[in-house]
Number of protein chains: 2
Amino acid sequence: MYTESIENYLKAIYEIQREKGKVSTNALSEKLGVAPASVTSMIKKLSEKKLLTHKRYQGVKLTQSGQKIALEVVRHHRLIELYLAEALGVPWDQVHEEAEKWEHVLSEDLEDRMDAALGHPTRDPHGSPIPSRDGTIIELDSIPLADMRPGQHGVVAEVSDRDPNLLRYVGKMGLYPKTRVKVVSVEPFSGPITLKVGDASHVLGAEAAQYVFITDVKGNPGEVI
Amino acid sequence: MYTESIENYLKAIYEIQREKGKVSTNALSEKLGVAPASVTSMIKKLSEKKLLTHKRYQGVKLTQSGQKIALEVVRHHRLIELYLAEALGVPWDQVHEEAEKWEHVLSEDLEDRMDAALGHPTRDPHGSPIPSRDGTIIELDSIPLADMRPGQHGVVAEVSDRDPNLLRYVGKMGLYPKTRVKVVSVEPFSGPITLKVGDASHVLGAEAAQYVFITDVKGNPGEVI
DNA sequence: AAATTAATTTAGGTATGACTAAAATCACTT
DNA sequence: AAGTGATTTTAGTCATACCTAAATTAATTT
């Protein structure tokens, strides 16, 4: 078994790789809330353990075995998030924080029990895919809501779980995964987006729209007004 | 918040105090699986934090605030044990080990949710009392099954959760909390005990009988054969 | 090409919580 | 009262994972 710190580093690397592609020391430092120098020394250690490869000043990349562990941690995290939401009614803006602690103490046996109790789910409350036990993970093809044009419609695939405030904000508009949305208008200069969720109309700030991902996008793209 | 180590020390002290009365360095060392010297230095630290009092070579005693924290940890532990058994079907011989890890990462909010989901329970799967949030704990008046005489009967109050093998062993006889038992005969020289659980008859080893506690003991005590 | 700025690494240090070995104290026996 | 053995404490180390400050390397501007 690896330490909690190591698990956190591997997970962070996996997530940065997914979101930004390149994984720099600074990005890790910021994501983990530790000093860059601390990241460097941990990278050295993880490299010695063959969990990642590292070229000086060039960023890191998970090895097979590093990725395997990262995916196990991610699986724990997302299964727990869903379990807390479903079984204990924890609001979707709080499950992330709780799962951050639980993910490191979940035994394989309990993982299986939660998985079964939830009916072998494939998505967490924010729409992120839950890796299977063997490490298979199915990413949906989606674009940020911010990139949609008036007239287009689609289905919410995923909402970033980084900031609870964002989750509460978009939750108030009913922007949960699997919800159908239609873009009515987009203000220029990265302005707010007006959209329809069911029968209701909402205006969404441009920054928030960066963190809501839409799949199955269709419809004639109109002009930004 | 306190470290996991500190929480474990306080809980261990509480439990040894409950079982043996006096809490020695050695007893703690054995219970926690650390060297006696490590216990001494941790005792010094806890004493500085006013969580316990210590007289050199004389053992320790929890202060009010130390006891309060210990009871919070115990509450977490026992609530989790019951939750795992009830909600996820974890067998009673495994819940202890899982709870040892979970107890340190349970938020107050989740504690409340579990407590409510379980209907504000007062006993864990082994029959140990679950302290209330304010630290009230109701201990049952019980004696070891090993101290019972033939002809006496009573109700299982609690089974020690220290050893999973013990739990599986007595579980096979149906000796769960709230089960009614009657002592049929007791062999001399700390010999095995024959008892009736429902309609079934079982023979229980003397050592195991030390760890099964019976309440509500009645009936004419006969002789040990 | 040199200078500036940003990112990364190195060097040295700290707190936590464990360890071993040796010394001190206590409890008991004779 | 002294000696023996068990218990406890002291002294000194170690690994983990963090930190700050300074040095190095890379990227960008002038």
Side-chain angles (χ1 to χ4, degrees), chain A residues 1-17 19-62 66 69-70 73 100-101 103-105, chain B residues 1-17 19-62 66 69-70 73 100-101 103-105:
Chain A
M1 262 302 101
Y2 294 98
T3 66
E4 193 170 320
S5 258
I6 289 179
E7 288 187 353
N8 281 333
Y9 272 85
L10 295 175
K11 180 165 68 109
I13 292 165
Y14 176 81
E15 283 169 356
I16 293 170
Q17 204 160 49
E19 285 165 31
K20 301 190 191 168
K22 203 194 148 202
V23 185
S24 69
T25 302
N26 258 9
L28 274 169
S29 160
E30 199 187 334
K31 178 144 200 153
L32 292 166
V34 300
S38 306
V39 173
T40 298
S41 66
M42 182 58 108
I43 283 174
K44 202 179 155 203
K45 181 193 226 172
L46 297 179
S47 174
E48 277 159 12
K49 288 184 192 289
K50 306 247 188 256
L51 295 170
L52 52 78
T53 55
H54 177 229
K55 291 193 199 112
R56 290 172 87 246
Y57 296 95
Q58 301 272 72
V60 298
K61 191 167 185 296
L62 293 175
I69 293 155
V73 180
E100 286 286 336
K101 300 179 293 181
E103 63 191 11
H104 305 291
V105 297
Chain B
M1 258 304 100
Y2 294 99
T3 66
E4 193 170 319
S5 259
I6 289 178
E7 289 187 354
N8 281 333
Y9 272 87
L10 294 176
K11 180 166 67 110
I13 293 165
Y14 176 82
E15 283 169 357
I16 294 170
Q17 204 161 50
E19 284 165 31
K20 301 190 191 166
K22 203 194 147 200
V23 185
S24 70
T25 300
N26 258 9
L28 273 169
S29 159
E30 199 188 334
K31 178 145 201 154
L32 292 165
V34 298
S38 307
V39 172
T40 299
S41 66
M42 181 59 106
I43 283 174
K44 201 179 156 206
K45 179 195 230 173
L46 297 180
S47 175
E48 278 159 12
K49 288 184 192 288
K50 308 247 188 253
L51 294 171
L52 51 76
T53 55
H54 177 229
K55 291 193 199 111
R56 292 173 87 242
Y57 296 95
Q58 300 274 70
V60 298
K61 190 167 184 294
L62 293 175
I69 293 155
V73 180
E100 286 287 335
K101 300 179 293 181
E103 63 191 10
H104 305 291
V105 296

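Computed from a predicted model, the values in this text were never measured in an experiment. In what follows, chains are A, B, ... by sequence order, proteins preceding strands, each numbered from 1.
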**Q** For the pair made of NZ in A/Lys45 and P in C/dT10, what is the distance, rounded to whole Å?
**A**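 Checked: the NZ to P distance equals 16 Å.
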
**Q** Tell me the interatomic distance from B/Lys49, atom NZ, to C/dA15, atom P, rounded to whole angstroms.
**A** 12 Å

**Q** Measure the spacing between NZ of B/Lys31 and CD of B/Glu19 and express it to the nearest 0.5 Å.
**A** 4.5 Å

**Q** Rounded to the nearest 0.5 Å, what's the gap from CD1 on A/Ile69 to CG on A/Leu51? Could you check?
**A** 5.0 Å

**Q** Do A/Met42 and A/Ile6 touch side chain to side chain, with heavy atoms closer than 4.5 Å?
**A** yes

**Q** Working to the nearest 0.5 angstrom, can you tell me the gap between A/Gln17 CD and A/Lys61 NZ?
**A** 6.0 Å

**Q** Rounded to whole Å, how long is the line connecting atom CD of A/Glu30 with atom P of C/dA6?
**A**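 Whole-Å distance recorded here is 15 Å.
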
**Q** Could you state the CG-P distance from A/Leu32 to D/dC19, rounded to the nearest angstrom?
**A**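 Nearest whole value for this atom pair: 10 Å.
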
**Q** Determine whether more than 12 heavy atoms belonging to other residues, nucleotides or ligands lie under 6.0 Å from atom CD of A/Glu30.
**A**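 No, because the 6.0 Å sphere around CD of A/Glu30 holds 12 heavy atoms or fewer from other groups.
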
**Q** Can you tell me how far P of C/dT16 sits from CG of B/Asn8, to the nearest Å?
**A** 17 Å

**Q** Let me know the distance between CG of B/Leu28 and C1' of C/dA18, rounded to the nearest Å.
**A**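 Taking atom C1' of C/dA18 as the reference, CG of B/Leu28 is at 15 Å.
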
**Q** In whole angstroms, how far is the P atom of C/dA15 from the OH atom of B/Tyr2?
**A**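 Checked: the OH to P distance equals 19 Å.
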
**Q** When rounded to the nearest 0.5 angstrom, what distance separates CD in A/Gln58 from OG1 in A/Thr53?
**A** 11.5 Å

**Q** Strictly below 4.0 Å: does A/Tyr9 bring a side-chain N or O up to OP1 or OP2 of D/dC18?
**A** yes

**Q** Starting at atom CD of B/Glu4, determine the distance to atom C1' of C/dT16, rounded to an integer number of angstrom.
**A**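 Taking atom C1' of C/dT16 as the reference, CD of B/Glu4 is at 13 Å.
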
**Q** Any chance you could list the contact pattern along nucleotides 1-10 of chain D? Use B for base contacts, S for sugar-phosphate-only contacts and - for none, protein heavy atoms under 4.0 Å, 5' to 3'.
**A** ------SBBB

